[in-house]
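Input: a single structure, listed below in structure tokens.
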Number of protein chains: 2
Amino acid sequence: MATKRSNQIEAEELRQSTPSSTVLQAINPRQPIAAQIYERLRRAITTLSMLPSEALSEKELSLQLGVSRTPVREALIRLADEGLIDILPQRGSFVAPIRLRDVEEAQFIRESLEVAVSRRLAGGCSRRFLTEIKSNLYDQEKAVNTEALDLFLDLDEAFHRSFCEEAGLPKSWRVIQSVKLQMDRVRYLSLPDLGHLRVLLTQHRSIVDAIESGDVEKAGNDMAAHLREVLRTARKLSEQRRDLVEN
Amino acid sequence: MATKRSNQIEAEELRQSTPSSTVLQAINPRQPIAAQIYERLRRAITTLSMLPSEALSEKELSLQLGVSRTPVREALIRLADEGLIDILPQRGSFVAPIRLRDVEEAQFIRESLEVAVSRRLAGGCSRRFLTEIKSNLYDQEKAVNTEALDLFLDLDEAFHRSFCEEAGLPKSWRVIQSVKLQMDRVRYLSLPDLGHLRVLLTQHRSIVDAIESGDVEKAGNDMAAHLREVLRTARKLSEQRRDLVEN
DNA sequence: ATTGACACTCTACCATGGTAGTATGTATTT
DNA sequence: AAATACATACTACCATGGTAGAGTGTCAAT
């Protein structure tokens, strides 16, 4: 039976002979392999560096990454759970199309949860939270001004995550993050619009203001309006990019 | 290498020599094994036939069920994702305690989503749906009158699921079902209270009435009140049963 | 009696070989 | 030429063996 080492050497050779992609980078054998693979594939799919209907085979991925098929398989199962890939038994696994239906439902779930979270925070939150969230807003402005798109997206994610953290709702964030993936793919289709980013930043500020002033209704309404922005662009894109967006 | 057949025979012998439990029943090798095991363990945990801190070992389960460790492992991973078990690497997997924190957050997520679903249905739903849901209510009444507890729980689940189906929100139901597991365990601690079931049935009727009359506010409020019932009993129980409920 | 090292046993994690089922291309029949 | 049976080449799924690390008990040293 081949050892881990020989397996890794094979993979090393393979890596040199094939064109590299974001997925193909050294795996750290010290920490859980399945989680690393999941993370990497998730990123590749949400950033559209892997496109819908592209095939992901257990065997090929395990060879390319220099690991066995077991952790690859576990990563694929998680991705399928989150609707990012479709596993067809005995046929293959494929990146799922961007289904307008799924994006709409993701938006529904996110809105339901984040509106409730915002209302809760408007009902009471810590000084510390308000300080930190304003610091984040400041960073967002810098990112917009320097046109640092990826940075803005990271700050946006941190913005929404910190809401759940402050409210003491970690599982809610996990749900949001999971359905958010469907919306992220749409974002990457339409990203380089700087004016759009300014709109988002304004909305973020409006939400924070409402929370700070304790206006429960406004906090919820502003968050709802904010989250509907993404859906609007998704609907627009579904007309233009029928090659990538389904329904 | 041992074949599937010899493995199954070993398990057959083992099954005769050990005390049976709800988990130990013949696996159907025709359909996905991992899913069957997940379903079975999930049921055992939510119905409290497996209690918190009880150990689940890949090896032991695979022997008892007559399958290999791989599908067992996959089932355990899913259960851990849903917070029903804790996997401690290189130490073991154990049924998670009923954490009041988790129950409260499950309630929060469920309320956020189901209130939004109810409001949407109150804004418009099909005649067919109203007919079916009333038929379900009638069956619920029969179940209460005959004190058929398990039947009532099944009808209750169908009641809530049909809301999501009518609204065209299948993923939302998956999320609800997933967090609902935490609340179901609490229910099984306190179930045999017939009066409580009558309260739930009345609440169900009130929600349906609000939806039928198109009263969006009332539909949402009634659903929220309904879902808070379970949490109330959970809080009560957490005082009495410190052996099973944490926090 | 207390503490330390160390062997032993247990676990989940990963590697890898085997199996059944699906799709596809290729002969063979009509 | 069109349709059908069939071989072939895939796939995901499952079985099983190996490995590193965490817990525990024992025995030696202090």
Side-chain angles (χ1 to χ4, degrees), chain A residues 1-12 14 26-41 53-81 85-96, chain B residues 1-12 14 26-41 53-81 85-96:
Chain A
M1 183 181 293
T3 66
K4 282 185 186 179
R5 190 147 303 282
S6 76
N7 193 326
Q8 293 234 343
I9 291 170
E10 283 174 35
E12 207 61 50
L14 205 150
I27 289 270
N28 179 355
R30 295 283 161 196
Q31 32 186 335
I33 296 175
Q36 290 180 66
I37 298 171
Y38 163 79
E39 198 59 37
R40 186 169 305 203
L41 290 175
S53 83
E54 197 167 332
L56 300 112
S57 119
E58 273 182 25
K59 196 172 182 178
E60 194 184 337
L61 281 170
S62 67
L63 283 174
Q64 289 182 347
L65 294 169
V67 299
S68 80
R69 301 195 310 278
T70 304
V72 172
R73 174 175 161 70
E74 286 170 4
L76 293 182
I77 289 173
R78 275 198 68 182
L79 291 167
D81 266 348
I85 72 171
D86 296 327
I87 297 179
L88 309 181
Q90 272 67 40
R91 283 208 280 159
S93 302
F94 308 90
V95 177
Chain B
M1 184 181 294
T3 67
K4 281 185 189 178
R5 190 148 302 282
S6 76
N7 192 325
Q8 292 235 344
I9 291 170
E10 283 173 36
E12 207 61 49
L14 205 150
I27 289 269
N28 180 356
R30 295 284 161 194
Q31 30 186 336
I33 295 175
Q36 291 180 66
I37 297 171
Y38 163 78
E39 197 60 36
R40 186 169 307 205
L41 290 175
S53 83
E54 195 167 332
L56 300 114
S57 118
E58 272 183 25
K59 195 172 183 178
E60 193 183 337
L61 282 170
S62 66
L63 283 173
Q64 289 181 348
L65 294 169
V67 299
S68 80
R69 301 195 310 277
T70 305
V72 172
R73 174 176 161 72
E74 286 169 5
L76 293 182
I77 289 173
R78 274 198 69 182
L79 290 167
D81 266 347
I85 72 172
D86 296 327
I87 298 180
L88 310 180
Q90 272 68 40
R91 282 208 283 157
S93 302
F94 308 89
V95 177

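Just so you know, these numbers come straight off a predicted model, no measurement behind them. Here is the naming used below: chain letters follow the sequence lines, and residue numbers restart at 1 for every chain.
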Between [X] ([atom1]) and [N] ([atom2]), how many Å, whole number?
X: A/Glu60; N: D/dA9; atom1: CD; atom2: P; answer: 18 Å
X: A/Leu76; N: D/dC14; atom1: CG; atom2: C1'; answer: 16 Å
X: A/Glu58; N: D/dC14; atom1: CD; atom2: C1'; answer: 11 Å
X: B/Ile85; N: C/dA12; atom1: CD1; atom2: P; answer: 9 Å
X: B/Leu61; N: D/dC14; atom1: CG; atom2: P; answer: 16 Å
X: A/Lys59; N: D/dC13; atom1: NZ; atom2: P; answer: 16 Å
X: B/Ile87; N: D/dA22; atom1: CD1; atom2: P; answer: 16 Å
X: A/Leu88; N: C/dT22; atom1: CG; atom2: P; answer: 12 Å

Within the structure, does a side-chain N or O atom of [X] lie under 4.0 Å from either OP1 or OP2 of [N]?
X: B/Arg91; N: D/dA22; answer: no
X: A/Ser57; N: D/dT11; answer: yes
X: B/Arg73; N: C/dC14; answer: yes
X: B/Ser93; N: C/dA12; answer: yes
X: B/Ser68; N: D/dA15; answer: yes
X: B/Thr70; N: D/dC14; answer: no

B/Ile33 side chain, from C-beta outward: closest of D/dC14, D/dT16, C/dT16: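 The answer is D/dC14, which lies nearest to the side chain.
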Go nucleotide by nucleotide along DNA chain D from the 5' end; which of B/Glu74 and B/Arg69 gets its closest nucleotide reached first?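 Result of the comparison: B/Glu74.
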To the nearest 0.5 Å, what is the distance between OG1 on B/Thr70 and CZ on B/Arg73?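 The distance works out to 8.5 Å.
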If you look at every heavy atom in A/Ile85 and A/Leu76, which pair is closest and at what distance?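 Result for this residue pair: CD1-O, 3.3 Å.
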Return the minimal non-hydrogen interatomic distance between A/Leu56 and A/Phe94, and the atom names on each side.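 Nearest heavy atoms, A/Leu56 then A/Phe94: CD1-C, 4.0 Å.
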Students often get this wrong, so: under 4.0 angstrom with heavy atoms, is A/Leu56 touching a base, only sugar-phosphate, or nothing?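 Touches sugar-phosphate only.
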Please step through side-chain contact (heavy atoms from CB on, under 4.5 Å) for the pair A/Leu61 and A/Ile37, ending with a clear verdict. CA-CA 9 Å; A/Leu61 281 170; A/Ile37 298 171; 5.9 Å; no
Side-chain touch B/Leu65/B/Arg40, heavy atoms, less than 4.5 angstrom: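 Yes, their side chains come closer than 4.5 Å.
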